[in-house]
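As the structure is a prediction and not an experimental result, all values here were calculated from the model.
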Amino acid sequence: MSENINKQTLVALVENKPGVLNRVASLFRRRSYNVDSLTVGRTHKPHISRMTIVVDANRTDVRQIVANLYKLVNVIDVRFLSDQPHVSRDLALIKVRTDDSDSRNAVTTVCEQFPARIVDIGPEVAIIEIAAQEDVVEEMIAQLAPIGIMEMVRTGVVAMGRGTRIHDTQYEPLRATNNNGAHGRYSV
């Protein structure tokens, strides 16, 4: 590969509401930002979701992405994670051909070299699970390719700052009030 890929990781805390992912995706589409990986999941607070976004910094100004994300109403906070110590993981399930003893032995050998395990095996295929840094997952995929990858699915990268680097917020959604001043359900 001749071009140097400089992947950068951003983490955004957003309101856990319908349509937020669509607004973020629309922003990326309108600005022609190419996303290498985008994962979204709940946090320990039910009203907040966390997005981990990986982009190629050679093709996109990461500071501009951060500035544009802050313009979206449902975005609470954005952090640039690549410039600080962090842990990142990508989960992949890979279905590989194992219809003879040579392919079964080869799959077992590859799994022993990586933080991977066989989670399902049948007479013709095996499913392998790996959760590791993205480059480690890519390396394992390259070693499994000659054996015969039949199907694959990946979650995308999730990342978190190491040590006491906490990305949290005190944000609480507004509570609706009814006519007599009593608080109702969270407003949407």
Side-chain angles (χ1 to χ4, degrees), residues 1 3-94 111 113-117 119 128-142 152-174 186 188:
M1 185 182 269
E3 68 181 61
N4 180 22
I5 296 178
N6 181 14
K7 293 184 181 182
Q8 301 296 317
T9 304
L10 303 167
V11 176
L13 297 178
V14 299
E15 294 179 31
N16 186 9
K17 291 183 177 179
V20 175
L21 177 59
N22 185 43
R23 284 193 266 300
V24 171
S26 292
L27 166 75
F28 280 84
R29 179 190 45 78
R30 283 191 315 271
R31 303 283 187 193
S32 295
Y33 296 144
N34 188 35
V35 176
D36 189 67
S37 172
L38 171 64
T39 59
V40 184
R42 296 181 305 266
T43 67
H44 61 291
K45 295 181 179 178
H47 56 279
I48 296 177
S49 289
R50 182 178 173 118
M51 292 186 172
T52 305
I53 305 163
V54 179
V55 296
D56 179 355
N58 292 332
R59 299 174 63 191
T60 307
D61 182 2
V62 179
R63 293 176 310 229
Q64 190 65 39
I65 293 174
V66 171
N68 283 313
L69 283 169
Y70 269 120
K71 292 178 185 178
L72 297 177
V73 174
N74 302 110
V75 174
I76 300 164
D77 190 33
V78 182
R79 300 260 174 98
F80 180 64
L81 205 57
S82 293
D83 63 349
Q84 58 182 282
H86 65 279
V87 174
S88 65
R89 292 293 180 266
D90 187 5
L91 170 70
L93 292 176
I94 308 163
C111 286
Q113 297 171 11
F114 293 92
R117 63 189 183 113
V119 294
I128 298 153
E129 174 188 79
I130 180 170
Q133 285 181 235
E134 189 177 15
D135 57 335
V136 174
V137 174
E138 294 287 345
E139 188 179 329
M140 182 174 175
I141 290 167
M152 180 175 66
V153 63
R154 291 173 72 173
T155 60
V157 175
V158 292
M160 182 179 281
R162 293 186 65 191
T164 58
R165 291 167 185 84
I166 308 297
H167 190 188
D168 200 3
T169 181
Q170 298 302 315
Y171 170 81
E172 290 290 331
L174 297 175
Y186 287 117
V188 274

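- The two residues Arg23 and Pro18 make their nearest non-hydrogen contact at NH2-O, 3.9 Å.
- Residues passing the side-chain hydrogen bond (donor to acceptor under 3.5 Å, both in side chains) test with Arg89, sequence neighbours excluded: none.
- Residues Met152 and Ile141 come closest through the heavy atom pair SD-CD1, 3.4 Å.
- For Arg42, there are no side-chain hydrogen bond (donor to acceptor under 3.5 Å, both in side chains) partners, not counting sequence neighbours.
- Just one residue in the list Asp56, Asp135, Asp36 forms a side-chain hydrogen bond (donor to acceptor under 3.5 Å, both in side chains) with Lys7, and that residue is Asp36.
- For Val11 against Ala159, the heavy-atom pair with the smallest separation is CG2-O, 4.2 Å.
- Side chain of Thr43 to backbone of Arg50: no donor-acceptor contact under 3.5 angstrom is found.
- Ser88 OG to Arg162 CZ: the interatomic distance, rounded to the nearest 0.5 Å, is 11.0 Å.
- For Asn6 (side chain) and Asn58 (main-chain N/O), no donor-acceptor pair under 3.5 Å exists by modelled atom type.
- When all heavy atoms are compared, the tightest approach of Asp90 to Val137 is O-CG2, 3.6 Å.
- A donor-acceptor pair under 3.5 Å is absent between the side-chain atoms of Thr39 and the main chain of Gly156, judged by distance alone.
- Counting heavy atoms from C-beta on, the side chains of Ile65 and Tyr33 come closer than 4.5 Å.
- Here the CD1-CE distance, from Ile94 to Met140, works out to 5.0 Å after rounding to the nearest 0.5 Å.
- Using a 3.5 Å distance cut-off with no hydrogens or angles, the side chains of Tyr171 and Glu15 do pair a donor with an acceptor.
- Ile48 is not listed as a side-chain neighbour of Asn16, based on a closest heavy-atom distance of 4.5 Å or more.
- Without hydrogens or angle criteria, Tyr70 side chain to Val78 main chain gives a donor-acceptor distance under 3.5 Å.
- The existence of a salt bridge linking Glu138 and Arg154 is confirmed by a sub-4.0 Å separation between a basic side-chain nitrogen and an acidic carboxylate oxygen.
- With values rounded to the nearest 0.5 angstrom, Asp168 atom CG is found 7.0 Å from Leu13 atom CG.
- Between Val158 and Leu91 there is no side-chain heavy-atom pair separated by less than 4.5 Å.
- His86 pairs by the side-chain hydrogen bond (donor to acceptor under 3.5 Å, both in side chains) definition with nothing, not counting sequence neighbours.
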task: List the steps and the verdict of side chain to side chain contact (heavy atoms under 4.5 Å, CB included) for Leu69 and Ile53.
output: CA-CA 11 Å; Leu69 283 169; Ile53 305 163; 4.1 Å; yes
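- For the atom pair Asn68 CG and Asp61 CG, the distance stands at 9.5 Å (nearest 0.5 Å).
- The backbone N or O of Ser82 sits nowhere less than 3.5 Å from a side-chain atom of Thr9 that would complete a donor-acceptor pair.
- His47 has its side chain within reach of Glu172: a pair of non-hydrogen atoms, C-beta onward, lies under 4.5 Å apart.
- Taking CG of Leu38 as the reference point, atom CG of Leu10 lies at 10.5 Å (rounded to 0.5 Å).
- With rounding to the nearest 0.5 Å, the separation of OG1 in Thr60 from CD in Gln8 is 10.5 Å.
- Contact detail for Leu81 and Gly161: the closest heavy-atom pair is CD1-N, 4.0 Å.
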